[in-house]
Amino acid sequence: MLRRRRSLERWRHPTGVRENMGNVLPAAPLATGAGFAYGRDPGWFERAKGAVMRLSNYFLPTLKETPAGADVVSHQLMLRAGMIEQISSGIYNWLPLGARVLRKIEAIVREEQDRAGCQEVLLSLIQPADLWRESGRYEDYGREMLRIQDRHEREMLFGPTNEEQITDVFRHHVRGYRELPKVLYQIQWKFRDEVRPRFGVMRGREFLMKDAYSFDLDKEGAQRTYNRMFVAYLRTFARMGLTAIPMRAETGPIGGDQSHEFIILADTGESVVYCHRDWLEADFLAEDADAEDPAALVERWTRTYAATEDMHDPARADELGDALIERRGIEVGHIFYFGTKYSAPMNARVNAPDGSKVPVEMGSYGIGVSRLVGAIIEASHDDSGIVWPEPVAPFHVGIVNIKTGDETCDSVAEDLYRRLQEAGVEVLYDDRTEERPGAKFADMDLIGLPWQVVVGPKGVQNGVVELKYRRTGEREEMTPETALARLCRPC
RNA sequence: CGGGGCGUAGCUCAGCCUGGUAGAGCGCCGGCUUUGGGAGCCGGGGGCCGGAGGUUCGAAUCCUCUCGCCCCGACCA
C-alpha cells in the first residue's frame with residue numbers, strides 16, 4: 001500500500017513532464033493528471049491539435065543528403081523523410097511521420113482480420129523457455145532467438161514468434177469442439193537476432209508483425225480457415241495499393257503441409273520469384289470477398305503460375321513461354337497450415353463429437369507490418385521521394401505556404417488548414433517562416449503526401465491556389481473553395 | 001558464420017600512403033539582404049579523429065587488440 005502510493009507520487013513530481021510539453025503544445029492547465037485538464041479547459045485539445053500539424057511545430061527531421069550506410073531506396077527515403085532513426089544494426093526508433101504510417105498499415109490489417117472473423121489478443125513479449133522446450137523448438141531455433149535470464153536466473157526469451165504461447169493459451173481455456181473454429185491474432189513486436197540485418201526496416205531484428213493462429217477440429221475445417229485467411233490477405237494488401245502475389249512456398253522451420261507467401265515484385269527484393277505476366281494486372285480489390293465461397297476464390301487465384309525460387313517448377317513454367325517473368329520479390333505475408341505440429345506435443349486437445357480427444361488442427365498467418373512500410377516505398381517512389389498510396393499516407397494533404405508572413409497567403413492557408421481539419425481530412429501545414437519555397441517543395445515531395453496545396457503570393461492575388469497531385473506531378477490552379485471541395489470528397 | 005569495406009563536427013566527406021598537433025560543404029547560432037523548386041553576404045559556436053595498448057621527441061596518420069556500422073554469400077515476416 002505504502003509502496004504503491006510512493007510510486008504515484010513520482011508521477012506528479014513538480015519538475016516532471018509539464019515543462020517539456022510546453023515547448024510543443026499550448027500550455028495545458030495540468031493539475032493532478034491529464035484527464036482533469038479537459039474539464040478545466042475544454043479548448044485545450046483543439047488548440048493542441050491545431051498547433052501540432054504545423055511544420056513549425058511538427059517533429060520532422062528531414063535530411064537533404066543521403067545518410068551513409070543506407071543502400072536500398074526505401075531505407076534512404078525513410079531516413080531522409082525523418083520517419084525513422086537507426087539505433088543499432090536492424091533496430092530503429094520510429095519518429096512521428098514513420099509512426100503514423102505504421103499505424104495506418106496496422107489499422108488496415110486489423111480491419112481485415114476482424115472482417116475475416118479473427119479476434120485480437122496481445123501476448124507477452126517475453127516468454128518462458130520451458131514453453132519452447134515442450135515443442136522441441138528451444139534447441140532447434142538457433143541463435144536467432146534472443147535468450148535472456150531474469151533476476152532469478154530463470155531462462156526466458158524475447159519472442160521471435162508465438163506458436164507455443166498461443167497453443168498454451170488455447171489448452172488452458174478450450175475444452176470442446178463446439179468452441180471451434182477460432183482464429184486469434186495480435187499485432188506485436190518481435191525480435192529475431194538475424195545474422196545479417198539489412199534493407200532498413202524490411203529486414204530488421206526488431207519488427208512489428210501481425211500474427212494469427214487458427215484452431216479447427218479437423219483438416220476440412222482448417223482448410224476452410226486457411227482459405228478465408230488467404231482471401232483476407234489479398235484484400236489487405238490490395239487496400240494498401242499493393243499487388244501482393246500469392247505463391248506456393250516452403251514451410252520452413254514452422255513446419256507443416258501447406259503454405260503461401262505473398263510477394264511484392266520489386267527490384268530490391270530479397271529473393272527471385274517466377275510468375276505469369278497476368279499477375280501484373282491482377283486486381284484483388286475487385287473481388288467481393290465476403291460473398292463468394294473462399295475455396296473457389298483461392299482456386300481461381302492459385303491457378304495462374306506463381307512460385308518462389310524454392311518451389312519453382314521449370315517444366316510447368318516452360319509452358320508459359322513468353323508469359324513467364326522472372327523478377328525479385330519482397331515477402332510481406334506468409335500463411336501456413338501445419339496441423340498438429342504444436343498441438344500434439346503440447347497436448348492441446350479438444351473433445352470431439354464422438355467423445356474422443358483429438359489434437360487441434362492449427363495454422364498460422366503472418367504479415368510483416370513494419371516491413372510493409374519499406375516495401376510500399378520500394379513499390380512507390382520517384383526521384384524526388386516517396387509517393388504514398390492514399391490509404392497509408394501519413395497525411396492526406398500538405399499545405400505549402402510559400403510566403404509565410406504575407407497577410408493574404410497566411411489567411412488563405414490558415415483558412416484551408418482549419419477547414420480541412422474540421423472536415424476530418426488529415427493535413428500537414430508547412431507554415432515555416434525560415435524556409436524558402438524551394439526547401440518547402442523539396443520536403444513536401446520527399447515525404448510524399450498524395451496532395452499538395454500551394455498557396456503563393458502570385459496565386460492569391462488572383463484568388464487561386466495550386467493543387468498538385470504528387471503521383472503524377474500534375475498541377476492545377478483553382479479557387480481555395482474548389483480545392484477544398486476536391487480534397488474533402490471521399491476517396 | 002565465411003569474404004570485403006568503413007569509423008574524423010549534427011549530416012556528407014577530405015586529410016592517413018609519405019607522422020609535426022584538424023579541414024571543406026551542408027546544417028546550427030547572430031546580423032543584413034532575400035522569397036514560386038533545397039538563397040546570398042558578414043560574423044560565430046562546434047571534434048579525448050570509435051575505444052585501449054604499443055612504436056616515436058611527436059600519432060587522426062604506423063603496429064596490435066577491441067567495439068561498432070555497412071556490403072557480398074549461406075538463413076529468414
Side-chain angles (χ1 to χ4, degrees), chain A residues 61-72 75-76 79-80 82 85-91 109 141-145 159-162 187-212 233 244 249-254 259-264 270-271 308 310 329-336 364-375 383-385 400-406 409 430 432-446 452 454-461 465-466 468 473 475 477:
Chain A
T62 57
L63 303 168
K64 192 152 76 174
E65 288 168 294
T66 300
D71 272 356
V72 300
H75 190 196
Q76 295 172 349
L79 291 164
R80 286 190 52 211
E85 167 197 33
Q86 180 166 342
I87 283 313
S88 178
S89 182
I91 301 181
V109 171
Y141 211 88
R143 277 176 288 288
E144 264 82 58
M145 186 154 73
T161 180
N162 298 69
I187 298 174
Q188 175 66 292
W189 290 92
K190 307 276 192 290
F191 192 91
R192 290 183 197 169
D193 200 355
E194 297 281 346
V195 182
R196 179 147 102 84
R198 57 184 131 168
F199 307 134
V201 298
M202 288 198 294
R203 180 79 180 279
R205 291 193 289 174
E206 192 178 278
F207 56 98
L208 188 62
M209 180 178 172
K210 187 283 299 182
D211 47 326
Y233 271 41
E250 282 197 322
T251 49
I254 294 182
S259 174
H260 284 91
E261 285 183 21
F262 290 77
I263 302 275
I264 292 173
E270 304 172 70
S271 55
T308 59
D310 294 333
I330 302 167
E331 178 185 358
V332 290
H334 203 158
I335 62 179
F336 302 87
S364 77
Y365 314 86
I367 290 180
V369 175
S370 49
R371 166 178 289 185
L372 271 166
V373 180
D383 290 345
S384 306
V400 181
N401 185 344
I402 287 186
K403 194 169 182 180
T404 316
D406 178 273
C409 285
D430 192 347
R432 291 174 298 177
T433 52
E434 69 278 13
E435 295 296 344
R436 296 165 55 86
K440 292 188 175 191
F441 291 134
D443 271 343
M444 202 52 88
D445 285 349
L446 175 63
Q452 298 173 15
V454 179
V455 180
K458 290 174 191 165
V460 294
Q461 266 179 358
V465 297
E466 191 177 271
K468 173 175 162 181
R475 311 170 191 196
E477 289 198 330

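Since we're looking at a predicted model, the values are computed, not measured. Convention: sequence-line order gives letters A, B, ...; per-chain numbering from 1.
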Next on the checklist: Output one letter per nucleotide in nucleotides 68-73 of chain B: B when a protein non-hydrogen atom lies under 4.0 Å from the base, S when only the sugar-phosphate is that close, - when neither is.
Outcome noted: -SSBBB
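Base engagement by A:Asp443 is indicated by at least one non-hydrogen atom pair under 4.0 Å involving a base atom. At the heavy-atom level, A:Glu261 lies nowhere under 4.0 Å from the strands shown. Base contact: A:Gly204 has a heavy atom under 4.0 Å from a base atom. Among the atoms of the strands shown, none is found under 4.0 Å from any heavy atom of A:Gly405.
Ring orientation note: the planes of A:Tyr233 and A:Phe262 are tilted relative to one another, at an angle of 30° to 60°.
Between the base of B:G38 and the side chain of A:Glu435 there is no donor-acceptor pair shorter than 3.5 Å. Contact annotation: side chain of A:Arg192 to base of B:C75, donor-acceptor pair absent below 3.5 Å. Judged by distance alone with a 3.5 Å cut-off, no donor-acceptor contact links the side chain of A:Arg432 to the base of B:G38.
Residues passing the ring-ring contact (aromatic ring centres under 6.0 Å, His included) test with A:Phe207, sequence neighbours excluded: none. A:Gln452 pairs by the side chain to side chain donor-acceptor pair (under 3.5 Å) definition with A:Asp445, not counting sequence neighbours. Considering only residues two or more places apart in sequence or on other chains, A:Arg80 meets the side chain to side chain donor-acceptor pair (under 3.5 Å) condition with none of them.
Taking atom CZ of residue A:Arg203 and atom C1' of nucleotide B:C76, one finds them 5 Å apart after rounding to whole Å. If you measure from atom CD of A:Glu144 to atom P of B:C1, you get 12 Å, rounded to the nearest angstrom. Atom CG of A:Asp430 is separated from atom P of B:G38 by 15 Å (rounded to the nearest Å). Rounded to an integer number of Å, the gap from NZ of A:Lys458 to C1' of B:G37 is 12 Å. Note: NZ (A:Lys64) to C1' (B:G10) measures 14 Å, nearest angstrom.
The C1' atoms of B:U18 and B:C62 are separated by 11 Å, rounded to the nearest whole Å. Look at the P atom in both B:G44 and B:G51: the space between them is 29 Å, to the nearest Å. Taking atom P in both B:G5 and B:A9, the straight-line distance is 22 Å, to the nearest Å. With both ends at atom P, the span from B:U33 to B:G47 equals 32 Å, rounded to whole Å. The separation of B:U66 from B:G73, taken at their P atoms, amounts to 27 Å, rounded to a whole angstrom. Nucleotides B:G10 and B:A39 place their P atoms 23 Å apart, quoted to the nearest Å. Comparing the C1' positions of B:U61 and B:G7 gives a spacing of 15 Å, expressed to the nearest Å. Spacing between B:G36 and B:G4 at atom C1', rounded to whole Å, works out to 48 Å.
Across all strands shown, B:C69 forms a Watson-Crick or G-U wobble pair, both distances under 3.5 Å, with B:G5. Pairing of B:C13, defined by two Watson-Crick or G-U wobble distances under 3.5 Å, is identified with B:G23.
If you check B:G38, B:C76, B:G36 against the side chain of A:Glu194, the one that comes closest is B:C76.
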Might you list the N or O atoms of the protein lying below 3.5 Å from N or O atoms in nucleotides 22-25 of chain B, with each pair's distance?
unit_1 : atom_1 : unit_2  : atom_2 : d
B:G25  : N2     : A:Glu65 : OE1    : 3.2

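Counting heavy atoms from C-beta on, the side chains of A:Arg371 and A:Arg203 come closer than 4.5 Å.
Residues A:Arg143 and A:Pro67 both approach RNA chain B. Their nearest nucleotides, taken by heavy-atom distance, put A:Arg143 toward the 5′ side. Of the residues near RNA chain B, A:Pro437 and A:Asp310, the one whose nearest nucleotide (by heavy atom distance) lies more toward the 5' end is A:Pro437.
Looking only at distances, a side-chain donor or acceptor of A:Arg192 sits under 3.5 Å from a matching main-chain atom of A:Pro160. At distances below 3.5 Å, not a single donor-acceptor pair connects side-chain atoms of A:Ser384 with backbone N or O atoms of A:Leu446. The closest donor-acceptor contact from the side chain of A:Glu194 to the backbone of A:Arg196 lies at 3.5 Å or more, if one exists at all. Between the side chain of A:Lys210 and the backbone N or O of A:Tyr365, at least one donor-acceptor pair lies under 3.5 Å.
In this structure, A:Arg436 reaches the B:A39 phosphate: one of its side-chain N or O atoms is under 4.0 Å from OP1 or OP2.
For the atom pair CE of A:Met209 and CD1 of A:Ile367, the computed distance is 9.0 Å after rounding to the nearest 0.5 Å.
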Side-chain donor-acceptor contacts of residues 435-442 of chain A below 3.5 Å, not counting sequence neighbours, with atom names and distances?
unit_1   : atom_1 : unit_2   : atom_2 : d
A:Lys440 : NZ     : A:Asn401 : O      : 2.7
A:Lys440 : NZ     : A:Thr404 : OG1    : 3.1
A:Lys440 : NZ     : A:Arg432 : O      : 2.7

